Amino acid sequence: MCGIVGYVGSNSSLDVLIGGLRRLEYRGYDSAGVAIITDDGDLVTRKRAGKLVKLTSDLEHTPLADGKTGIGHTRWATHGGPTDGNAHPHLSADGRLALIHNGIIENFASLRDELLAEGFTFSSETDSEVAAKLLGREYLAGGGLAAALGRVVVRLEGAFTLLALHQDEPGVVVGARRNSPLVIGLGDGENFLGSDVAAFIEHTSRAMAIGQDQIVTITPTSVRITDFAGLDVDAEEYEVLWDASASDKGGWSSFMAKEISEQPDAVANTMLGRVHDGQVVLSELAELEDLLVGIDRIIVLGCGTASYSGMLGKYAIEKWAKVPVDIELSHEFRYRDPFLTPNTLVISISQSGETMDTLVAVQEAKAKGARTLSICNTQGATIARESDAVIYTHAGPEVAVASTKAFIAQITALYLFGLHLARVRQTLPASEIAAALVELSAIPGKIATVLKSKPEITELAGWMSDSRAILFLGRHVGYPVALEGALKLKELAYIHAEGFAAGELKHGPIALIEPGQPVFVIVPSPRHPNSLHAKVVSNIQEIKARGARVLVIAEEGDAAVLPYASEVLRIPLAGPLFEPLLTVIPLQIFAMELATAKGLDVDQPRNLAKSVTVE
Ligand code: F6R
């Protein structure tokens, strides 16, 4: 969603802001703008609806005076459509202060009425302009920008990150946050603020997190953090491990293509340093070690793709660690008054670590006395910091809006957690844990094998680019894969797609089958003990008999599917719980290639944002 950059230093702020906004493009947005205090001491702004290129070409045609203090924003519309007027920055009534905002100010209507009654006028339909006008009014009351911001934020309800600058305070940018992301980048004679570290990673890898309900003031040589009441708070500096080039396309046609190809590394890097002598050792769980032995229940929370990795975690954790696991969508959990005990562990899964629905669900779990663990891909993210412990996935920066390598890394982290828990609770013999780890270690090589089928999948996607609806079926761990395959297709190719548990077919969905209806079926290996292979093949026969066009993902050498399948995509043999790490890959590639065949932007699908920072 909205991307935010702030800069103070000795370089061109326009260059830093545009560079930062470019790196934040992946968050998804529909307009962009900057505000700068020029070297002559003026406050200038420029903003345009549309992609960043609209703003940059406008700046090329009509250059903006540059300066060394600035803020930049990409907006994902909530209140008011994506127009030039609604784009940020917004100005105070006297035009001397500029403000950008991410989040939703829930009480904006009453604040706006208050300001209208005082004679203020508004030039946009946004909730954000209300904050700009309020801050301008408070600034005139004295005490400086940070103090004025402190008086404004306590009046706001909802979630927000705000950044502001004032013409009378060149060399100063202030920021505040509540339930919305903001990170500090520490430079040499310059400092940065960003929605995430991508905003400044090309300038510095030294970062500092800002806690909830805190205000930050940056100058070229200082960083001050206070609470909303103005009392100083300490913050720890950390080193960002991502390398700036990792968030470049690196010669690939899209970030998504690059990220799909990086999946062997996502598994290997997430395992790195966590496996010793055939056992998993997650030292990051030290805070929770007392709970793990006597744990009575696990609730896994996430949204979208993250929730599907959670479903897979349930299968593995229950089997290995013998603890009941429920998986729930964060936004459903948050509002149903869940019953939790002090022995409940709530695991949240989030690539960005900033998804608002998941963040507030974690806060709800903590308020109800549960202990919390997060699985996050982004270092220092809010959800990670608000949880009692965090297992970081090491997938590297995921830029394409549709999640691929983060999903694979989340499954890996959940499986490592399941095996760690099984050791602590002594529910699985050491030899079985070691065997599972051997399986997991072999997955990167097997994913690399599946990736070689890309040309075949591209051809299939090309033939199917005019499909109106595609269905996906799977049983057991194939079911979350079916859901994920359908989600990828919906979000990238805008084709109606549904995933079903194959056992559910005769309870309704089979009515959808008509001659020619394409159906992907995820088939488990026939070689596993108690395999569901025969059951799935019988589902295939049922849909084939009704004219479905059956597209099968099956193990190398599985001949039983051949009589019914129009197309078979092969995966190497893997243990039953490990198959999803392979079967999902052809579905990711299929969705990407079908979207490409339709001429769509696979990295930034319409209406979507990478990081959903509003409820
Ligand atoms: C789908 C996708 C989304 C995210 C979901 C959660 O491809 O990317 O469904 O998985 O918005 O995001 P995170 O993991 O950042 O909490």
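One is the number of the first residue; the rest follow in order along the sequence. Whatever order the structure lists ligands and atoms in, that order sets their numbers, starting from 1. Every heavy atom of this structure was used, including side-chain atoms; hydrogens, water molecules and symmetry mates were not. Since the structure is predicted, the reported quantities are computational estimates derived from the model, not experimental observations.
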**Request:** Please confirm whether E354 comes under 4.0 Å of ligand 1, counting heavy atoms of the residue only.
**Result:** no
**Asked** When you look for heavy atoms under 4.0 Å from ligand 1, do you find them on the side chain of T358, its backbone, both, or neither?
**Response** neither
**Item:** Short side-chain donor-acceptor distance under 3.5 Å, T382 and R177
**Value:** yes
**Request:** Give the atoms of ligand 1, by number and element, whose distance to some non-hydrogen atom of A306 is under 4.0 Å.
**Result:** 10 (O), 14 (O)
**Message:** Looking at R468, I want to see if its CZ is surrounded by more than 12 non-hydrogen atoms of other residues, nucleotides or ligands under 6.0 Å.
**Reply:** no
**Prompt:** Should the pair F578 and W320 be assigned to parallel (<30°), tilted (30 to 60°) or perpendicular (>60°) ring geometry?
**Reply:** tilted
**Atom indices of ligand 1 within 4.0 angstrom of S350 heavy atoms, with elements** = 13 (P), 14 (O), 15 (O), 16 (O)
**Asked** Any donor-acceptor pair under 3.5 Å linking the side chain of Q212 with the backbone of N179?
**Response** yes
**Complete:** Note: ligand 1 atoms sitting under 4.0 Å from heavy atoms of S352 are 13 (P), 15 (O), 16 (O)
**Message:** So, taking the atom named OG in S453 and the one named CD1 in I553, what distance separates them when rounded to the nearest 0.5 Å?
**Reply:** 10.0 Å
**Fill in**
To the nearest 0.5 Å, atom CD1 of I571 lies from atom OG1 of T583 at 5.5 Å
**Prompt:** Quick one: which ligand 1 atoms are inside 4.0 Å of a heavy atom on A402?
**Reply:** 7 (O)
**Check: K598 side chain, A493 main-chain N or O, donor-acceptor pair, under 3.5 Å** = yes
**Item:** Any I383 heavy atom less than 4.0 Å from ligand 1
**Value:** no
**Message:** Angle between ring planes, H101 versus H88, binned at 30° and 60°: parallel, tilted or perpendicular?
**Reply:** parallel
**Message:** So if I count the atoms of ligand 1 from 1 in the order they appear, which ones are less than 4.0 Å from some heavy atom of V401?
**Reply:** 8 (O)
**Request:** For the pair T161 (side chain) and S180 (backbone), establish whether a donor and an acceptor sit closer than 3.5 Å, ignoring hydrogens and angles.
**Result:** yes
**Prompt:** For ligand 1, which atoms, with element, lie under 4.0 Å from some heavy atom of E491?
**Reply:** 1 (C), 7 (O)
**Message:** Give me the residue, atom name and distance of the protein heavy atom closest to atom 6 (C) of ligand 1.
**Reply:** C303 O, 3.4 Å
**Request:** Without swapping roles, check the side chain of S254 against the backbone of A257 for a donor-acceptor pair under 3.5 Å.
**Result:** yes
**Request:** Check each atom of ligand 1 against the heavy atoms of Q351 and keep those under 4.0 Å away; list them by number with element.
**Result:** 13 (P), 14 (O), 15 (O), 16 (O)
**Message:** How far is atom 11 (O) of ligand 1 from the closest protein heavy atom, and which atom is that?
**Reply:** V612 CG2, 4.2 Å
**K488: numbered ligand 1 atoms lying under 4.0 Å from its heavy atoms** = 1 (C), 7 (O)
**Prompt:** How far is atom 2 (C) of ligand 1 from its nearest protein heavy atom, and which residue and atom name does that atom have?
**Reply:** T305 OG1, 3.8 Å
**Fill in**
In this structure, atom 12 (O) of ligand 1 is nearest to the protein heavy atom T355 OG1, 3.5 Å
